[in-house]
J.: 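Sharing a structure below in structure tokens format, with a few things to ask.
Start at 1 and go down the list; that is how both ligands and their atoms are numbered. In this chain, numbering begins with 1 at the start of the sequence shown.
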Amino acid sequence: MAATALAKAPASPAAAGAPAGNALSVRNLDVVFGKGDGAITALSNVSVDIPAGSLVTMLGPSGCGKSTLLRAVADLVPASAGSITVLGRTPEQARRERNFSFVFQDATLLPWRSAIDNVRLPLEVGGGSGTHDDPMDLLDLVGLKGREKALPSELSGGMRQRVAIARALVTRPKILLMDEPFGALDEITRDKLNEELLRIWQETGTTIMFVTHSIPEAAFLGQHVLVLAAHPGRVKEFVTVDLPFPRRLPVRDTMEFIQITARLRKLLEEC
Ligand SMILES: Nc1ncnc2c1ncn2[C@@H]1O[C@H](COP(=O)(O)OP(=O)(O)O)[C@@H](O)[C@H]1O
Ligand SMILES: [Mg+2]
């Protein structure tokens with residue numbers, strides 16, 4: 001699993017030389033859709049700081065604005081009030097500089113292109129300039145070495161998500177925004193990809209914001225869990241998960257983990 005050409009970053013935020021400060025700062029953010037009587041307040045007065053190099057999961061009931069928050073960070077929906085700072089830039093500047101990438105629930109691969117050609121796609125769309133990683137190294141990183149010529153139809157759902165992650169990393173984004181990326185996978189595949197994602201995060205040092213419905217997934221992956229409440233979407237609590245890395249799946253059987261998930265469940269019930 002060498003991936004020598006990959007941009008190496010500290011193995012974990014606690015490691016020496018970890019990037020300082022916040023990758024992301026959200027201040028008093030409101031996002032309102034529509035106007036007048038029909039207006040929907042998707043997010044109300046949301047403030048959160050995401051430390052550079054960290055992995056933060058977002059948990060909350062359906063409709064609490066998880067996707068909207070990611071989309072606002074990615075400059076896909078405008079803020080109605082408040083501010084968002086991405087690596088010291090506005091979301092628009094960060095998008096132009098390709099400081100972040102998105103991974104969705106559906107891998108959205110081009111069906112007529114092989115795995116490797118799907119990973120290359122962002123480089124072609126961007127004109128091939130700027131720093132990037134070798135698509136072959138990235139397929140190795142996500143555990144798909146040897147499958148580079150396979151078409152999406154020849155890959156399982158989990159493998160397609162691996163390709164989507166490799167594609168998201170090819171432009172060396174500093175921030176990876178993941179919106180329920182494993183939500184459509186069976187439990188065993190999801191567990192495996194959870195462990196893999198932690199390994200990829202530690203190897204690349206990318207800041208990750210990861211949305212999920214799943215309490216165990218939020219607790220297993222996150223250094224912090226941003227719990228959102230609905231109607232209007234707002235911050236319920238920013239919970240720190242005090243479990244050491246590297247984390248492996250059996251940590252879920254420990255008393256510490258069970259206590260954290262119980263606390264998250266209680267917070268969600270109050271939402
Ligand atoms: N483009 C949009 N236009 C109007 N309403 C929207 C739009 N996107 C999201 N919403 C509304 O904003 C709220 C939050 O949605 P969303 O961010 O998708 O929630 P979540 O991802 O937590 O399920 C919901 O009430 C949803 O219906
Ligand atoms: Mg959503």
J.: Tell me whether Ala42 has any N or O atom under 3.5 angstrom from an N or O of ligand 1.
T.: no
J.: Taking a cutoff of less than 4.0 Å between a non-hydrogen atom of the residue and any ligand atom, is Gly63 in contact with ligand 1?
T.: yes
J.: Would atom 9 (C) of ligand 1 count as contacted, meaning some protein heavy atom under 4.0 Å?
T.: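 Protein heavy atoms within 4.0 Å of atom 9 (C) of ligand 1 - there is at least one.
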J.: Students should be able to answer this: which protein heavy-atom is nearest to atom 6 (C) of ligand 1, and at what distance?
T.: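 Protein heavy atom with the smallest distance to atom 6 (C) of ligand 1: Phe33 CD1, 3.3 Å.
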J.: With under 30° as parallel and over 60° as perpendicular, where do the rings of Phe238 and His224 fit, or are they tilted in between?
T.: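 Parallel.
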J.: Gly233 near ligand 1, heavy-atom distance under 4.0 Å?
T.: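 Gly233: no contact with ligand 1 (<4.0 Å).
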J.: Quickly, which of Arg95, Arg96, Arg89 forms a side-chain hydrogen bond (donor to acceptor under 3.5 Å, both in side chains) with Glu92? Name it, please.
T.: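 Of Arg95, Arg96, Arg89, side-chain hydrogen bond (donor to acceptor under 3.5 Å, both in side chains) with Glu92 is met by Arg96 alone.
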J.: Are a donor atom and an acceptor atom from the side chains of Thr212 and Glu217 found within less than 3.5 Å of each other?
T.: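 Yes, a side-chain donor-acceptor pair sits under 3.5 Å.
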J.: Measuring to the Mg ion (ligand 2), does Ser62 have an N/O/S atom at a distance below 2.8 Å?
T.: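 So Ser62 does not bind the Mg ion (ligand 2) by this criterion.
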J.: Using distance alone, determine whether Gly65 and ligand 1 share an N or O pair under 3.5 Å.
T.: yes
J.: Could you check atom 27 (O) of ligand 1 against the protein and tell me its nearest heavy-atom contact, residue, atom and distance included?
T.: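 Nearest neighbour among protein heavy atoms for atom 27 (O) of ligand 1, to 0.1 Å: Ile40 CD1, 4.7 Å.
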J.: Measure the distance from atom 15 (O) of ligand 1 to every protein heavy atom, then report the residue, atom name and distance (to 0.1 Å) of the closest one.
T.: Thr68 OG1, 3.8 Å
J.: Checking a contact table here: which protein heavy atom is nearest atom 18 (O) of ligand 1, and how many Å away?
T.: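 Of the protein heavy atoms, Ser67 CB, 3.8 Å lies nearest.
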J.: Run the ring-ring contact (aromatic ring centres under 6.0 Å, His included) check on Phe104 and Phe102 step by step: do they pass?
T.: CA-CA 6 Å; Phe104 301 97; Phe102 238 115; 4.6 Å; yes
